[in-house]
Number of protein chains: 2
Amino acid sequence: MRLVTVQQADGTTSAGRIEGNEIALLPFADVAQLLESGDAWREAAVTGRAPLASATLGRLVPRPSKVLCIGLNYIDHIREGDPDAEGPAFPETFTKFAESLTGADDDILLPAGSGIADFQEAIAAAAKVPVVSLPVTSDCVDWEAELVVVIGTPVYRASEAEAAAAIAGFTIGNDVSVRDWQMHSSQWIPGKAWKGLSPVGSVLVTADEVGVRPDLQIRCLVDGEVRQDFRTSGIEFGPVELICYLSRIVPLWPGDLIFTGTGQGVGITKDPQVYLRPGQTMVTELVGITQAVNRLVAEENPHAGGQAEARQSSLLVQDGV
Amino acid sequence: MRLVTVQQADGTTSAGRIEGNEIALLPFADVAQLLESGDAWREAAVTGRAPLASATLGRLVPRPSKVLCIGLNYIDHIREGDPDAEGPAFPETFTKFAESLTGADDDILLPAGSGIADFQEAIAAAAKVPVVSLPVTSDCVDWEAELVVVIGTPVYRASEAEAAAAIAGFTIGNDVSVRDWQMHSSQWIPGKAWKGLSPVGSVLVTADEVGVRPDLQIRCLVDGEVRQDFRTSGIEFGPVELICYLSRIVPLWPGDLIFTGTGQGVGITKDPQVYLRPGQTMVTELVGITQAVNRLVAEENPHAGGQAEARQSSLLVQDGV
């Protein structure tokens, strides 16, 4: 089954289930609210129908309570960084925030403009600047296409069976990474949690359809050129294992997301390093299911400080503050 | 000024301002809602008065949207781990979740029972177990008393002045750390974000009173024995610097918390390592302002899997699911 959130003409949204060329609308504002209904959504009466081809799809989960992320979870990716490396003994776990995410069709504002497309050189330059006036720039923004798990039921300290039952399904995501900020220190979040850099797909394929250990194809294309193409069967810690591990630490709730790690083909491991550039279009694809298509746009004023005040205010207004 | 959330006899809560031996009650459900009012709370009419001595204080911010945490931010603490180390060039940034926090008077459930009080031995033992059946145990739970910044106004890509203006004030916190899980891999969150392990103080002292770069004394006591005693003047990246850095990455909102890092005296650096034990009482103190007093209680059934199902259900019910 494929679930979506549909933008309606009156400005509201509705959850829906794809049925052939149509979307059967369901009585929930979005897929997050649908999942919070427990199993009730499976029996809910269809409230209307919309043609799939002309539908505008919104966010599956507008504001997840948690966005957990896993690094170094495909051996081919691990070894493009270090040819002799083994996989980690436990999942490499970090987080994004709800604000770090963006929609499958949204523009991504790149903090371009440092002029340094080598993450180590960029870090060395930044280390000479007081942190209060650190420029908000990076020319080291990289792609990481990933399978994203969507949690369907509350789960805490799950057994293997409970973890499997807690998976609503999957979508695509791109763990877009500001490599110089990621490597500022030992903990990666400063390069992983940037506002609005990480697109998430607009179609959820349920575990009913693809299983809880799916073997799906994932691709990332930049201006039509294939940068990543891998199958999720190569994952080290799969969705069930990740929920067992993460739910030992903290409860997971319906709509929580787990970015499960990327495969081979990121830009930081190229020689010279290759990064995203304003003007490009990035496609992140769960092949046959959903894709995010995001234009990369340079921020108008990437520097912080006094000059940025007007822009800061306008961004906060956009967030509804 | 000192702000609190007061538990009322009817089960509701009210924000309040300490005035001598009294709390002047303000028309907000808690300090988080007070802060969300912008500056309106400063002019709000007092709705009642309660004696401070007999008041039961609740959480300042029941559910922060973000809990950002900083590691390795005092040179004395850095060097108890590595005598030759320098401070990091940028703030070492990780996160907790809202569920990771607990109240200033609440019991802390320790996942005790591994029988291994050496984090490296505990990791080696865990690495032999499939992740789906990893025991939810640790005898390596450590204390980290910290100054906690409470954000007062929305802030994104702050200048130094904007960062200073965004600080509502400070409270105490303890970044209680499950050391073996923290060191499972390179990223620390699996040992830092455990449900309910990290107490936060119940009094906010405003930046009006102590400034935005306060020099306050912090102590951690276990069963009355002083384990940590340091001043916040020893901080590497202070509150203003941290807000400048973190707000370059993602917007911060009223009620967001920043755990700013601990000083010298944690248990992992002792030889042999010293950790928290069930039956002990831990006091975490912002001297002269507020303290958290938490009894440490062994969890009844620390193992995950089938046996834990009844307990899991009861914990989720407690969370209101």
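Reckoned from all heavy atoms, side chains included, excluding hydrogens, waters and symmetry mates. Note on naming: letters A, B, ... go to the chains in the order of the sequence lines (proteins, then strands), and numbering restarts at 1 for each one. Note that the structure is predicted; figures quoted are calculated from it, not measured.
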Inset, instruction - List the steps and the verdict of side chain to side chain contact (heavy atoms under 4.5 Å, CB included) for A:Phe259 and A:Leu101. - result: CA-CA 11 Å; A:Phe259 280 65; A:Leu101 307 181; 4.0 Å; yes

With respect to chain B, which residue among [options] yields the maximal number of heavy-atom pairs within a distance under 4.5 Å?
{"options": "A:Glu36, A:Lys66, A:Glu241", "answer": "A:Lys66"}
{"options": "A:Ser247, A:Cys244, A:Ser185", "answer": "A:Ser185"}
{"options": "A:Leu242, A:Val178, A:Thr95", "answer": "A:Thr95"}

Given the options [options], which has more heavy-atom pairs under 4.5 Å with chain A than any of the others?
{"options": "B:Trp188, B:Trp181, B:Phe94", "result": "B:Trp188"}
{"options": "B:Pro88, B:Ala127, B:Pro190", "result": "B:Pro190"}
{"options": "B:Leu68, B:Leu246, B:Val131", "result": "B:Val131"}
{"options": "B:Ala89, B:Gly191, B:Gly196, B:Ala126", "result": "B:Ala126"}

Legend entry - chain A contact via B:Ala193 - which portion, at a heavy-atom distance below 4.5 Å: both

Inset, instruction - Check each atom of B:Phe97 against the heavy atoms of chain A and say whether the ones under 4.5 Å are side chain, backbone, both or neither. - result: side chain

Legend entry - Salt-bridge contact B:Glu160-B:Arg213 (side-chain N to carboxylate O under 4.0 Å): yes

Legend entry - Beyond-backbone contact of A:Ile151 with A:Leu257, side-chain heavy atoms, under 4.5 angstrom: no

Inset, instruction - Take B:Phe90 and A:Leu134 through the test side chain to side chain contact (heavy atoms under 4.5 Å, CB included) and record every step on the way to the result. - result: CA-CA 10 Å; B:Phe90 303 91; A:Leu134 208 55; 4.2 Å; yes

Legend entry - side chain to side chain contact (heavy atoms under 4.5 Å, CB included) assessment of A:Val200 paired with A:Arg59: CA-CA 8 Å; A:Val200 177; A:Arg59 300 199 192 187; over 6 Å; no

Inset, instruction - Could you tell me whether the side chains of B:Asp256 and B:Ser65 share a donor-acceptor contact shorter than 3.5 Å? - result: yes

Inset, instruction - Using side-chain hydrogen bond (donor to acceptor under 3.5 Å, both in side chains) as the criterion, point out the one residue from B:Ser198, B:Ser177, B:Ser100 that pairs with B:Lys192. - result: B:Ser177

